[in-house]
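Since we're looking at a predicted model, the values are computed, not measured.
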Amino acid sequence: MGAVGVLALQGSFNEHIAALRRLGVKGVEIRKPEQLENVSSLIIPGGESTTMAKLAEYHNLFPALREFVKMGKPVWGTCAGLIFLANKAVGQKEGGQELVGGLDCTIHRNFFGSQIYSFEAEVAAPELASKEGGPETFRAVFIRAPAVIEAGPGVEVLAEYPVPSNKVLYSSSSVRIQEENAAPEKKVIIAVKQKNLLGTAFHPELTADTRWHSYFLKMACETGEEASSSIVAVEGVDLRINHKQINELPVYQ
């Protein structure tokens, strides 16, 4: 009987475990490759992606993480975790970070700017509302957030966010791609799904809205394993999700 693993090298892993607990599901901290054998799904949290990558390399986690993805087990990356899952990442620290890969996307690190440009916004996610109920929008918390600037044909877009047309889409020492003479606003992808992989540029674990966690748990059940064998309940808590109070979202401080 497996549980939901949460990569616990650095970042907001405690918040993810707390969100899972609110749903009555046990989250297990993962720091070593062999611990992945005891979980049926995995959350890679937000944090400082370069630090997380160095720690993952130190603990020789990358081969095990890649194998976990290749086996078709559900993996959800939030913020830095989204960068981990991408096949390619551009922007700051370009080329200096090892990736797990598997998600057919190009991610731009720190797309929305540095720490001082962190923000919150109400964002529409039709697929989330359709499957989980509750409001048509969710509160997205962006902290040094990345964004998906290119997605392959097999990638399902779950949420987008409008940005000014003069936003730099890609920048390096030799190349700079910027929208010019375009409409005043365009949309950038901030949530995607591809087979067993889920990626969000924002931090659902920092709000009281547990729908993204519930959505991921259902992905874990849809991989062919029954919920009773793939998810461990906390102290026998009823796993049926109740979203009646989602309208009362706290503001991240």
Problem - Steps toward side chain to side chain contact (heavy atoms under 4.5 Å, CB included) verdict (Asn38, Val28) - result: CA-CA 9 Å; Asn38 301 320; Val28 177; over 6 Å; no

Handout entry: Separation of Leu198 CG from Leu158 CG (nearest 0.5 Å)
Key = 6.5 Å

Handout entry: Presence of salt bridge, Arg144 and Glu48, under 4.0 angstrom
Key = no

Exercise for the section: Look only at the side chain of Gln194 and the backbone of Asp104, and say whether a donor-acceptor pair between them is shorter than 3.5 Å. Expected result: yes

Exercise for the section: May I ask you to decide if Leu99's main-chain N or O and Arg66's side chain share a donor-acceptor pair within less than 3.5 Å? Expected result: yes

Exercise for the section: Search all heavy atoms of Ala145 against all heavy atoms of Cys79 and return the closest pair with its distance. Expected result: CA-SG, 4.2 Å

Completion exercise
The reported gap from NE2 in His108 to CD1 in Ile83 (rounded to nearest 0.5 angstrom) is 10.5 Å

Handout entry: side-chain contact (heavy atoms from CB on, under 4.5 Å) against Ala64, all qualifying residues, sequence neighbours excluded
Key = Pro33, Leu36

Exercise for the section: Evaluate whether atom CD of Glu136 has more than 12 neighbouring non-hydrogen atoms of other residues, nucleotides or ligands under 6.0 angstrom away. Expected result: no

Exercise for the section: To the nearest 0.5 angstrom, please state how far the CG atom of Asn110 sits from the CD1 atom of Ile143. Expected result: 12.0 Å

Exercise for the section: Drop me the distance from Arg31's CZ to Phe13's CZ, to the nearest 0.5 angstrom. Expected result: 5.0 Å

Exercise for the section: Would you check if the side chain of Asn196 reaches a backbone N or O of Val69 as a donor-acceptor pair within less than 3.5 Å? Expected result: yes

Handout entry: Closest non-hydrogen atom pair between Gly77 and Leu85, with its separation
Key = N-CD1, 3.6 Å

Exercise for the section: Given side chain to side chain contact (heavy atoms under 4.5 Å, CB included), test Val39 with Phe68 step by step and report yes or no. Expected result: CA-CA 10 Å; Val39 297; Phe68 197 90; 4.0 Å; yes

Exercise for the section: Can you see which heavy atom on Ile44 is nearest to which on Val75, and at what distance? Expected result: CD1-CG1, 4.0 Å

Handout entry: Side chain to side chain, Ile17 and Glu29, heavy atoms closer than 4.5 Å
Key = yes

Exercise for the section: Check whether any side-chain heavy atom of Phe202 lies under 4.5 Å from a side-chain heavy atom of Val123, and answer yes or no. Expected result: no

Exercise for the section: Indicate yes or no for a side-chain donor-acceptor contact from Arg211 to the backbone of Pro135 under 3.5 Å, with no hydrogens or angles considered. Expected result: yes

Practice task
Give, for atom CZ of Phe62 and atom CZ of Phe84, the distance between the pair rounded to the nearest 0.5 Å.
Solution key: 4.5 Å

Practice task
May I ask you to decide if Leu128's main-chain N or O and Glu132's side chain share a donor-acceptor pair within less than 3.5 Å?
Solution key: no

Problem - Nearest heavy atoms of Ala124 and Ala159, plus distance in Å - result: O-CB, 3.9 Å

Exercise for the section: Using modelled atom types only, decide if a donor and an acceptor are shared between the side chain of Asn87 and the backbone of Gly102 within a distance under 3.5 Å. Expected result: yes

Fill in the blank from the handout: Nearest heavy-atom contact between Ile107 and Ala86 is CG1-CB, 3.1 Å

Completion exercise
Sorted by chain and number, sequence neighbours left out, side-chain contact (heavy atoms from CB on, under 4.5 Å) with Phe119 holds for Phe112, Ala121, Phe142, Tyr161

Practice task
Rounded to the nearest 0.5 Å, what's the gap from NZ on Lys32 to CD on Glu34? Could you check?
Solution key: 6.0 Å

Practice task
Go through the steps for Val148 and Val157 under the test side chain to side chain contact (heavy atoms under 4.5 Å, CB included), then give the verdict.
Solution key: CA-CA 10 Å; Val148 179; Val157 176; over 6 Å; no

Exercise for the section: Identify the two heavy atoms, one from Ile30 and one from Leu42, that lie closest to each other, and give their separation to 0.1 Å. Expected result: CG1-CD1, 4.1 Å

Fill in the blank from the handout: For residues 7-17, the side-chain hydrogen bond (donor to acceptor under 3.5 Å, both in side chains) pairs (sequence neighbours left out) are Ser12-Glu205, His16-Thr78, His16-Glu205, His16-His213

Exercise for the section: Could you go through the side chain to side chain contact (heavy atoms under 4.5 Å, CB included) check for Val155 and Ile189 one step at a time? Expected result: CA-CA 11 Å; Val155 177; Ile189 301 169; over 6 Å; no

Practice task
Indicate yes or no: at least one non-hydrogen side-chain atom of Ser118 is less than 4.5 angstrom from one of Gln115.
Solution key: yes

Handout entry: Beyond-backbone contact of Pro204 with Tyr215, side-chain heavy atoms, under 4.5 angstrom
Key = no

Handout entry: Heavy-atom side-chain proximity of Glu57 to Glu98 below 4.5 angstrom
Key = yes

Problem - Phe138 and Trp212 aromatic ring geometry - parallel, tilted or perpendicular at 30°/60° bounds - result: perpendicular

Problem - Heavy-atom side-chain contact between Leu20 and Lys26 under 4.5 Å - result: no

